[in-house]
Amino acid sequence: MPFQIVRNDITKMRVDAIVNAANPTLLGGGGVDGAIHRAAGPSLLEACRRLGGCKTGRAKITAAYDLPCKYVIHTVGPVWQGGQEGEKKQLASCYRKSLALAEKAGCETVAFPLISSGSYGFPGDVALAVASETIGKFLLNSDMTVYLAVFDRASFRISEKLFSDIEEYIDDRYADAHADRSVSRTVALPIEALTNATEAISLDEAVSQLDESFSEMLLRKIDERGMTDAECYKKANIDRKLFSKIRSDKLYRPSKPTAVAFAIALELPLAETEEMLKKAGFALSHSNKFDIIVEYFIERGNFNIFEINEALFAFDQSLLGS
Ligand code: AR6
């Protein structure tokens, strides 16, 4: 998954680089900065002394010493002053400069904490929106994998309005599902039925009798929409390698989050999403929060996979992509 929100202590992550939410002296502090320096050992402080500080919105790189990653990228986030002092732009710059340094150092995997969302006072939802948007834009032109490590639940927030809207939407649908018990079930692919029931025909023959497969439907829809493959898999938060696998394997069976991610990237309305999921053996149901949250976004015509993933994460659900 090119962009993934994870619940993790960043000092434990085995990625190429972790990013530190530092202060302009780069000489350590509390929060994630303190944790990184403790885990890296005193050599990190020595290396930081040689850097001569760092300006807000900029970033500098060092080795990682005793940490399990290779590099530490130190960036200085802005202090929140109410939102009118260019803080969001400065915060976006922290992500951009850090990613540029990571790229220059040849990193394939990078983990960020939610910069400025602790001592520096950014409201959690604003810090998250800036992080998500800036990382999302960067990934349009890069094959890097970027993690956003969320340490404590309190610092991770989507907007209160969105959270309560989704909560209400879930409550209504859960109630419906329980009232009429008409819960849709996962639909099995006909391949099992065909291969079990008809011993006389070969697998190849059975396959040729199948309808259009998931990957065939996906490729057809990409063409119909005039999208390039890259536009589609980037918008779906799908790794390039996985996409080539799907492209070359007519019978590829995606996971449900992968299948939904493609439906979102293609901006399919609900009925077409269902049709596409069915090809992979899945259905959307009102007895499951993941499905209801996906439905909420599709019904509103919001196909931004990163926003959907923020909401899914806030409700402890699997993320879209692969
Ligand atoms: N792993 C991942 N995230 C963490 C960890 C961890 N081990 N520890 C804390 N966080 P903060 P800032 C989260 O205050 O707001 C320092 O003193 C934390 O929950 O560390 O940019 C510096 O020296 C929060 O969501 O950084 C500066 O003076 C996020 O990391 C100042 O704090 C950032 O919180 C920078 O403030």
Side-chain angles (χ1 to χ4, degrees), residues 3-42 44-49 51-62 64-69 71-83 85-99 101-102 109-132 134-135 145-160 163 310 313-314:
F3 180 35
Q4 213 170 325
I5 310 169
V6 292
R7 210 176 296 287
N8 216 337
D9 175 348
I10 206 164
T11 64
K12 306 269 190 313
M13 293 184 74
R14 294 182 179 280
V15 284
D16 292 332
I18 64 169
V19 178
N20 181 16
N23 61 56
T25 69
L26 296 187
L27 298 180
V32 73
D33 195 4
I36 289 175
H37 275 274
R38 273 193 302 280
L44 181 63
L45 185 58
E46 276 169 40
C48 284
R49 274 192 216 289
L51 295 176
C54 181
K55 291 197 175 123
T56 303
R58 302 284 181 84
K60 294 194 174 174
I61 190 165
T62 63
Y65 304 98
D66 295 344
L67 285 159
C69 55
Y71 302 102
V72 179
I73 295 170
H74 308 261
T75 189
V76 182
V79 176
W80 180 254
Q81 291 170 12
E85 308 295 324
E87 299 98 311
K88 285 197 253 178
K89 275 196 181 146
Q90 286 179 316
L91 184 58
S93 165
C94 290
Y95 285 96
R96 274 198 310 272
K97 299 273 187 207
S98 302
L99 287 164
L101 274 182
T109 50
V110 182
F112 282 90
L114 253 184
I115 300 162
S116 287
S117 71
S119 307
Y120 280 1
F122 255 69
D125 59 333
V126 183
L128 176 64
V130 173
S132 187
T134 316
I135 293 168
T145 298
V146 180
Y147 298 92
L148 193 60
V150 174
F151 192 49
D152 59 309
R153 206 149 177 62
S155 60
F156 181 88
R157 292 245 173 83
I158 57 172
S159 91
E160 262 168 47
F163 191 87
E310 288 166 25
F313 187 84

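As the structure lists them, so they are numbered: ligands from 1, and atoms in each ligand from 1. Sequence positions, counted from 1, serve as the residue numbers for this chain. Because the structure is a prediction, the values reported are computed rather than measured.
Across all their heavy atoms, V79 and E87 have their closest contact at O-CG, 3.6 Å. Scanning both residues, L45 and L27, for their nearest heavy atoms gives CD1-O, 3.5 Å. Across all non-hydrogen atoms, the minimal contact from H37 to L26 is NE2-O, 4.4 Å.
Counting heavy atoms from C-beta on, the side chains of T75 and F112 never come closer than 4.5 Å. Side-chain atoms of S132 and F3, non-hydrogen and from C-beta on, do get closer than 4.5 Å to each other. Under the 4.5 Å side-chain criterion, counting only non-hydrogen atoms from C-beta, L44 is in contact with H74.
Applying the side chain to side chain contact (heavy atoms under 4.5 Å, CB included) test between I10 and each of L67, I18, V15 identifies I18 as the sole match.
Atom 4 (C) of ligand 1 has its closest protein heavy atom at F151 CB, 3.3 Å. What sits closest to atom 15 (O) of ligand 1 on the protein, heavy atoms only, is G118 N, 2.8 Å. Of the protein's non-hydrogen atoms, the one nearest atom 1 (N) of ligand 1 is I10 N, 3.0 Å. Looking at atom 24 (C) of ligand 1, its nearest protein heavy atom turns out to be S117 OG, 3.3 Å. In terms of protein heavy atoms, atom 26 (O) of ligand 1 is closest to A21 CB, 3.7 Å. Of the protein's heavy atoms, D152 OD1, 4.0 Å lies nearest to atom 18 (C) of ligand 1. For atom 31 (C) of ligand 1, the nearest protein heavy atom (residue, atom name, distance) is Y120 CE1, 3.6 Å.
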Apply side chain to side chain contact (heavy atoms under 4.5 Å, CB included) to residues W80 and V126 and explain how you reach the verdict. CA-CA 10 Å; W80 180 254; V126 183; 4.2 Å; yes

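If you number the atoms of ligand 1 from 1 as listed, the ones under 4.0 Å from a heavy atom of D9 come out as 1 (N), 6 (C), 7 (N). Within the listing of ligand 1, atoms 22 (C), 23 (O) sit less than 4.0 angstrom from a heavy atom of D33. Taking a cut-off of under 4.0 Å to the non-hydrogen atoms of S116, the atoms of ligand 1 that pass are 12 (P), 15 (O), 21 (O). Interface of G31 with ligand 1, defined as ligand atoms under 4.0 Å from a residue heavy atom, comprises 20 (O).
The neighbour count for R14 CZ, taken as heavy atoms of other residues, nucleotides or ligands under 6.0 Å away, does not exceed 12.
Looking at G30, G121, S119, A39 and measuring to atom 14 (O) of ligand 1, the nearest heavy atom belongs to S119. Of the candidates V79, L114, V32, it is L114 that places a heavy atom closest to atom 33 (C) of ligand 1.
Checked by distance only, ligand 1 and T11 stay at 3.5 Å or farther apart across all their nitrogen or oxygen atoms.
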